[in-house]
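Here the structure comes first, spelled out in structure tokens, and everything after it is commentary.
Below, read A as the first sequence line, B as the second, and so on, with proteins coming before strands; counting in each chain starts at 1.
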Amino acid sequence: MGVDLGPLIKNRRQVKVEELHGRAVAIDGYNALYQFLAVIRGEAGEPLTDSKGRVTSHLSGLYYRTLNLLEKGVKPVYVFDGRPPELKAQEIENRVKQREAARAKYEDALRRGDLESAKTYASMSTRLRDYMVSDAKQLLDALGIPWLQAPSEGEAEAAYMAAKGYVWASVSQDYDSLLFGSPVLVRNLTISGRRKLPKKDVYVEVVPEMLELQLVLGELGLTREQLIDLAILIGTDFNPDGIKGVGPMKAYNYIKKYGRLEEIAELRDELSSIDYVAIRNIFLQPDVVDPGELEWRPPDEERVVEFLCREHDFSEERVTNALRRLKSSSSARTESLDKWFG
DNA sequence: CTGGAGGA
DNA sequence: TCCTCCAGG
């Protein structure tokens, strides 16, 4: 779920798509696929599937989102989670239980014929299976988009890539990559702007926003080490409960007043059950790998059609239309991308 | 979420 | 041309 740093961070800036032109970004692949799976659903909340019953919602989202980014001159590299740290076990168990509870409510809502609730709970019961990730990687290969299997946390790997200059920014909805040291975090990376709020017929304009680590730290008057301590008080994936009764504001006040966890006398008992030294280490010395040279190739149209249309029953008209649009876009003909289509 | 249809 | 709505797989 990530750390709830949102309320503390005022220093966020809306990004225009033009500012992303020509830039490489590392996208948290699991984060992205989960969102597509949660959102792209039918009337009763069922995911899109092919004729063999395999889920394809995430492929649809990944395909059109990626082509849109390419059309705008953005060069994405997708980073997928590897083996989670031991300390993430509790968080993973929590998520499993939440999904199971949501699934029960989903089935109940279906029985009652309450489609609106069904859709909500279906979304909450989203599971990302291995085959879905595998399919996503196959699609990216066909599209000529690089992807990376992180040794551990994808967010950590993306942050490393940004910090080392392999990419300009990391992309995720979560704030964790700031804790992992990403100099720039982009949230809401989407081209088409408006999104419908659940329940009400209200539409909200969704614009990509950019958070810079140094500006955030400067705004809060904290070091990255202190921001990590603050996050531990609120609760991270590695101590999901945090400290009872301590949210973003109280956590901030504690760290501003005492500087670091060791000095907070009144929380000594609560903190004694949290292995915060190990958690700090996950954020400060994460298990990452050098990505090597990233290569963007032109989409292999034959392969894309074979995979999406032949194998997964996508409409060939829609799929080829999208590719044609990319080919005729100005971005595809300029700069480093001109080699794509001769 | 996104593209495309169909109405304003 | 813009906007809203809905199916997509």
From CG of A/Asn31 over to P of B/dC1, roughly how many Å is that when rounded to an integer?
13 Å
Would you kindly give the NE2-to-P distance between A/His58 and C/dG8, to the nearest whole Å?
19 Å
If you restrict it to nitrogen or oxygen atoms, what contacts under 3.5 Å exist between nucleotides 3-5 of chain B and the protein, and what is each distance?
{"unit_1": "B/dG3", "atom_1": "OP1", "unit_2": "A/Asn68", "atom_2": "OD1", "d": "3.4"}
{"unit_1": "B/dG3", "atom_1": "OP1", "unit_2": "A/Asn68", "atom_2": "ND2", "d": "3.4"}
{"unit_1": "B/dG3", "atom_1": "OP1", "unit_2": "A/Arg325", "atom_2": "NH2", "d": "2.8"}
{"unit_1": "B/dG4", "atom_1": "OP1", "unit_2": "A/Asn321", "atom_2": "ND2", "d": "3.2"}

Pair A/Glu43 + A/Lys119, salt bridge at N-O below 4.0 Å
no
Between A/Lys97 and A/Glu93, does any side-chain N to carboxylate O distance fall below 4.0 Å?
yes
Any base atoms under 4.0 Å from A/Thr56, or only sugar-phosphate, or nothing? Heavy atoms, all strands.
sugar-phosphate
Output yes when at least one side-chain N/O atom of A/Thr190 is less than 4.0 Å from OP1 or OP2 of B/dT2, else no.
yes
In whole angstroms, how far is the P atom of C/dG8 from the CD atom of A/Glu46?
11 Å
Partner residues of A/Lys52 under the side-chain contact (heavy atoms from CB on, under 4.5 Å) criterion, sequence neighbours left out
A/Asp50, A/Arg54
If you apply the rule side-chain contact (heavy atoms from CB on, under 4.5 Å), what do you find for A/Asn68 with A/Arg325, and how did you get there?
CA-CA 9 Å; A/Asn68 272 333; A/Arg325 199 153 49 84; 4.1 Å; yes
Within the 3.5 Å criterion, strictly below it, is a donor on A/Glu91 or A/Asn239 matched to an acceptor on the partner's side chain?
no
Polar side chain donor-acceptor pair, A/Ser182 to A/Ser170, under 3.5 angstrom
yes
Distance in angstrom units between A/Leu67 CG and B/dC1 C1', rounded:
14 Å
With a non-hydrogen cut-off below 4.0 angstrom, is A/Ser51 in contact with a base, only sugar-phosphate, or nothing?
nothing
Would you mind reading off the distance between A/Leu308 atom CG and C/dG9 atom P, rounded to a whole angstrom?
10 Å
Going by the rule ring-ring contact (aromatic ring centres under 6.0 Å, His included), which residues pair with A/Phe314 if we only count those two or more places apart in sequence or in a different chain?
none
Rounded to whole angstrom units, what separation is found between the CD atom of A/Gln173 and the P atom of B/dC1?
9 Å
Please report, rounded to the nearest Å, how far the C1' atom of C/dG9 is from the OH atom of A/Tyr131.
12 Å
Between C/dA7 (P) and A/Phe36 (CZ): distance, integer Å
21 Å
